[in-house]
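Every number for a ligand or one of its atoms is a count from 1 in the order of the listing.
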Amino acid sequence: MAVDIVILAAGKGTRMRSAMPKVLHTLAGKPLLGHVIDTARSLPDSSLCVVSGHGATAVQQRFPEPDLQWVEQTEQLGTGHAVMQALPCLREDAITLVLYGDVPLISAATLEALISHVNDHTLALLTVTLDNPVGYGRILRDDAGNVLGIVEEKDATTLQKMITEVNTGVMAVPAGRMAQWLARIGNSNAQGEYYLTDLIAIARDAGITIHTHQPATAQETEGVNSRQQLNELERYYQRQYALELMASGVTLADAERFDCRGMLVSGQDTAIDINCIFEGQVTLGSNVQIGPNCVISDATIGDGVVIKANSVIEGPVSIAAGAQIGPFARLRPGTELGENARIGNFVETKKSRIGQGSKINHLSYIGDATIGANVNVGAGTITCNYDGVNKFSTTLKDGAFIGSNTSLVAPVTVGTNATVGAGSTITGNVADGELGVARSKQKNIQGWQRPVKTSKE
Ligand code: UD1
Ligand code: CA
């Protein structure tokens with residue numbers, strides 16, 4: 001059966017104390033709702049409908065993808081009322097799967113297992129058993145263990161409050177009679193809300209069997225209501241990511257000081273020192289060494305690359321095998337480093353190809369440049385690639401040697417094995433093998449007397 005997924009995301013998130021809608025707060029660099037949407041999307045034969053309310057415009061703008069249907073719940077009258085708003089998106093011959101926009105770590109495997117139990121006569125409810133069930137809806141069962149319904153904390157008797165099996169909120173329902181059942185939900189309860197949880201007893205009265213399923217880990221169904229809970233889930237997520245990386249053959253100096261806000265794939269025997277952050281898509285080869293405090297986004301990094309402390313890589317960047325970077329280097333978008341190239345401290349590169357074995361070891365800015373193999377760029381060399389309006393490119397051919405503190409005023413080409421004298425401002429091309437020097441001649445003044453301090457009368 002097809003699955004129509006309803007994601008409830010209308011709540012305010014008062015306890016976040018934030019001007020931003022709760023579901024836009026990020027976990028591992030991605031909005032909470034983004035995690036739920038991505039997981040929902042990964043389910044086969046699914047369609048997605050998001051119920052927004054608080055900050056609806058901001059939330060919808062953040063997710064412009066055309067496969068999302070949006071309905072607005074202008075007043076938050078309860079979870080049952082929220083699902084009612086989604087009725088136009090729900091096909092009668094499909095399964096309706098209800099998810100929460102603030103429960104980011106629900107897994108596709110759990111949802112698929114849940115859905116597999118649903119048929120015309122069976123509804124599936126995701127429950128967990130908690131040591132401390134306070135605040136949650138409790139699962140009511142008869143003596144034979146059949147689910148009778150759910151009672152909310154605020155409506156529960158003292159005896160019911162002792163039940164430790166709770167409602168996660170996630171349920172998968174055969175949609176044939178959804179509209180009918182939702183219409184029967186009232187709001188005469190402690191909170192004056194239309195509880196989606198009432199659907200369970202209603203469906204059961206209609207002869208539906210309630211099947212329960214539990215997730216592999218409790219964190220999968222934990223919601224975010226405060227920044228503390230957000231942080232707890234963030235740390236859980238990062239710890240899991242670190243464990244998986246280590247299991248795949250990567251050494252982490254400290255699993256508690258590792259953050260991946262995207263996807264990191266690595267070969268074996270790579271070592272990552274403390275406080276590194278990975279963003280977007282990062283692929284590391286084998287035997288890569290990453291020093292402390294590096295921030296690396298959207299990069300492909302080859303075998304044996306060494307990235308020293310405090311380097312920042314803002315991709316898309318590609319680094320071939322054996323290259324060495326840092327400490328304190330900044331590689332910006334469009335940097336392509338060849339094998340065994342070296343980028344040293346306080347060097348910034350942007351939109352530049354730097355060939356095999358070339359070195360830019362100290363204090364340089366290289367932008368819009370094509371640098372061949374075995375080029376040596378001296379300390380303090382700058383490509384002057386911008387005239388205030390347009391960008392121009394610099395070409396340094398194989399074996400070129402650029403003396404320290406050179407300004408390369410683009411567009412300009414320095415030929416194969418050509419040399420540029422230190423301190424030059426190069427405005428014209430230097431041909432293959434030639435020396436280009438462009439600086440004022442040194443003048444020494446003999447008998448020069450240093451000024452002496454004039455004494456005040
Ligand atoms: C709900 C369940 C409870 C369950 C708990 C799990 C009901 C009545 N209760 O309680 O059994 O144990 O979740 O966390 O369903 N939302 C809307 N519109 C509304 C109300 C809520 O979109 O009108 C959204 C919220 O943004 C949130 C989710 O639904 O993402 C859950 O709402 P919340 O108010 O947190 O429900 P609980 O009282 O925690
Ligand atoms: Ca909640």
Residue pair [X] / [Y], side-chain heavy-atom distance below 4.5 Å:
X	Y	answer
R227	S18	yes
R235	R239	no
I366	N385	no
L99	L111	yes

For ligand 1, indicate whether the residue T168 contacts it via side chain, backbone, both or neither (heavy-atom separation under 4.0 Å).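 Only the backbone of T168 comes within reach of ligand 1.
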
Record the part of L77 in heavy-atom contact with ligand 1 below 4.0 Å; permitted values are side chain, backbone, both and neither.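 Backbone only.
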
Decide whether an N or O pair under 3.5 Å exists between [X] and ligand 1.
X	value
Q73	yes
G169	no
E75	no
G11	yes
G137	yes
A82	no

When you check the gap from the basic side-chain N to the acidic O, do D368 and K391 get nearer than 4.0 Å? no

So is [X] in contact with ligand 1, going by heavy-atom distances below 4.0 Å?
X	value
T197	yes
G53	no
A9	yes
D102	yes

Using a 4.0 Å cutoff against the non-hydrogen atoms of [X], which atoms of ligand 1 qualify?
X	value
E152	2 (C), 3 (C), 7 (C), 8 (C), 9 (N), 10 (O), 11 (O)
Q76	18 (N), 19 (C), 23 (O)
Y195	8 (C)
Y136	6 (C), 12 (O), 14 (O)

Describe, in one word, how the ring planes of F328 and F346 are oriented to each other, choosing from parallel (under 30°), tilted (30 to 60°) and perpendicular (over 60°).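 Ring orientation, 0 to 90° scale: parallel.
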
Determine the interplanar angle of the H35 and Y237 rings, folded into 0 to 90°, and report it as parallel if under 30°, tilted if 30 to 60°, perpendicular if over 60°. perpendicular

I would like to know whether T349 and T335 meet side chain to side chain donor-acceptor pair (under 3.5 Å); could you show each step before the answer? CA-CA 6 Å; T349 63; T335 298; 2.9 Å; yes

What pairs of residues pass the salt bridge (Lys or Arg N to Asp or Glu O under 4.0 Å) test when at least one of them lies in residues 288-308, not counting sequence neighbours?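 Not a single pair qualifies under salt bridge (Lys or Arg N to Asp or Glu O under 4.0 Å).
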
Checking side chain to side chain contact (heavy atoms under 4.5 Å, CB included) for the pair V50/Q60: CA distance, chi angles, key distance, verdict? CA-CA 9 Å; V50 186; Q60 290 180 31; over 6 Å; no

